[in-house]
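Accompanying notes for the structure given below.
Model, not experiment: these values are computed from the prediction.
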Amino acid sequence: MRKASRSLLLFSLALALGACAGGYSGKFKGNGTGARVPASQVKTVANKDALGDTAYTTLGTAIGKAPTAQEAVDMAKQHCGMNGGNLLILNTEPYQSGSRYIADAACATDGSAPKAANTAGKGKPAR
C-alpha cells in the first residue's frame, strides 16, 4: 500500500471513529469548482492581509470542528479541498467552544488548483 493512500485511509478511519464520538465534523458552504484538491495541498493563511498581492477567488466558507485547534484547521482544509479550494484563509484563529475547537475560514482558489473534468455532452459509454 502506498504511503499516501495509507495515511488517507488512517485519516478516514479517524474521521469515522471521531464522528461516532461526536468529536470531528465540518462543512463547506458556497460554490465549489467541482474539482478536488488533496487537503495536504491546501495552504492555510492566517488572514487576507497575509496573502499580500496574491489574486484569489473566494469559493465559500469552510468550517472544521475537532478536539484540538490543529485538527479543526485540518478538517476545514479537507472540506475546502473537496470543493476545489487550495487556499484556506482563516477568518479568526481557531477558538474553543465547549470541548471542541472550531476553525472558521474562507475557502478560495488562486487559480493553480486543478479544474473539474469537463463531462458535458459525454453521455453513457457504449457497451
Side-chain angles (χ1 to χ4, degrees):
M1 184 180 288
R2 290 187 350 218
K3 188 175 184 178
S5 62
R6 184 180 312 134
S7 63
L8 180 60
L9 177 64
L10 291 174
F11 185 69
S12 298
L13 181 60
L15 288 178
L17 292 174
C20 294
Y24 296 86
S25 66
K27 64 182 176 180
F28 174 83
K29 197 172 185 181
N31 299 318
T33 65
R36 289 184 172 257
V37 176
S40 62
Q41 294 178 7
V42 177
K43 179 181 176 185
T44 303
V45 182
N47 55 47
K48 291 178 184 179
D49 295 335
L51 286 170
D53 294 336
T54 303
Y56 65 91
T57 302
T58 303
L59 303 174
T61 303
I63 296 176
K65 298 177 182 181
T68 69
Q70 184 58 55
E71 289 171 323
V73 170
D74 291 344
M75 287 297 299
K77 284 173 67 171
Q78 180 181 7
H79 284 276
C80 182
M82 285 191 305
N83 291 282
N86 67 330
L87 292 172
L88 187 73
I89 307 165
L90 296 176
N91 293 325
T92 63
E93 286 190 37
Y95 58 92
Q96 191 169 7
S97 177
S99 62
R100 297 192 304 176
Y101 283 85
I102 299 174
D104 178 11
C107 177
T109 182
D110 62 6
S112 66
K115 306 289 186 236
N118 184 1
T119 58
K122 299 261 177 167
K124 290 184 180 180
R127 290 187 184 202

Pairs flagged by side chain to side chain donor-acceptor pair (under 3.5 Å) wherever residues 35-51 is involved - sequence neighbours left out: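 Pairs touching residues 35-51 that pass the test: none.
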Disulfide bond (SG atoms under 2.5 Å apart) partners of residues 34-68, not counting sequence neighbours, each pair once: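 Those involving residues 34-68 do not exist here.
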Qualifying disulfide bond (SG atoms under 2.5 Å apart) pairs with a residue from residues 23-73, counting only residues at least two apart or across chains: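 Output for this query is empty, none listed.
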Looking at every non-hydrogen atom in both residues, tell me the closest pair between G64 and M75 and how far apart they are.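 Nearest pair, atom of G64 first, then M75: CA-CB, 3.7 Å.
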Looking at side-chain heavy atoms only, is the closest gap between E71 and Y24 below 4.5 Å?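 Yes. Closest side-chain heavy atoms under 4.5 Å.
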Which hydrophobic side chains are connected to [X], either touching it within the sub-4.5 Å cutoff or through other members that do?
X   : result
Y95 : I63, I102
L59 : F28
L51 : V45, Y56, L87, I89

For G60, does its backbone N or O pair with a side-chain atom of T58 as donor and acceptor, under 3.5 Å?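 Checking the backbone N and O of G60 against the side chain of T58, no donor-acceptor pair under 3.5 Å is found.
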Taking side chain to side chain contact (heavy atoms under 4.5 Å, CB included) as the definition, give me every residue that meets it alongside [X], ordered by chain and number, with sequence neighbours left out.
X    : result
Q96  : Y101
S112 : N86, D110
Q70  : T68, V73, D74
T57  : T109

D104: side chain to side chain donor-acceptor pair (under 3.5 Å) partners, not counting sequence neighbours: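 Scan of D104 (side chain to side chain donor-acceptor pair (under 3.5 Å), adjacent residues dropped) gives N91.
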What distance do C107 atom SG and K29 atom NZ have between them, rounded to the nearest 0.5 Å?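 NZ of K29 is found 14.5 Å from SG of C107.
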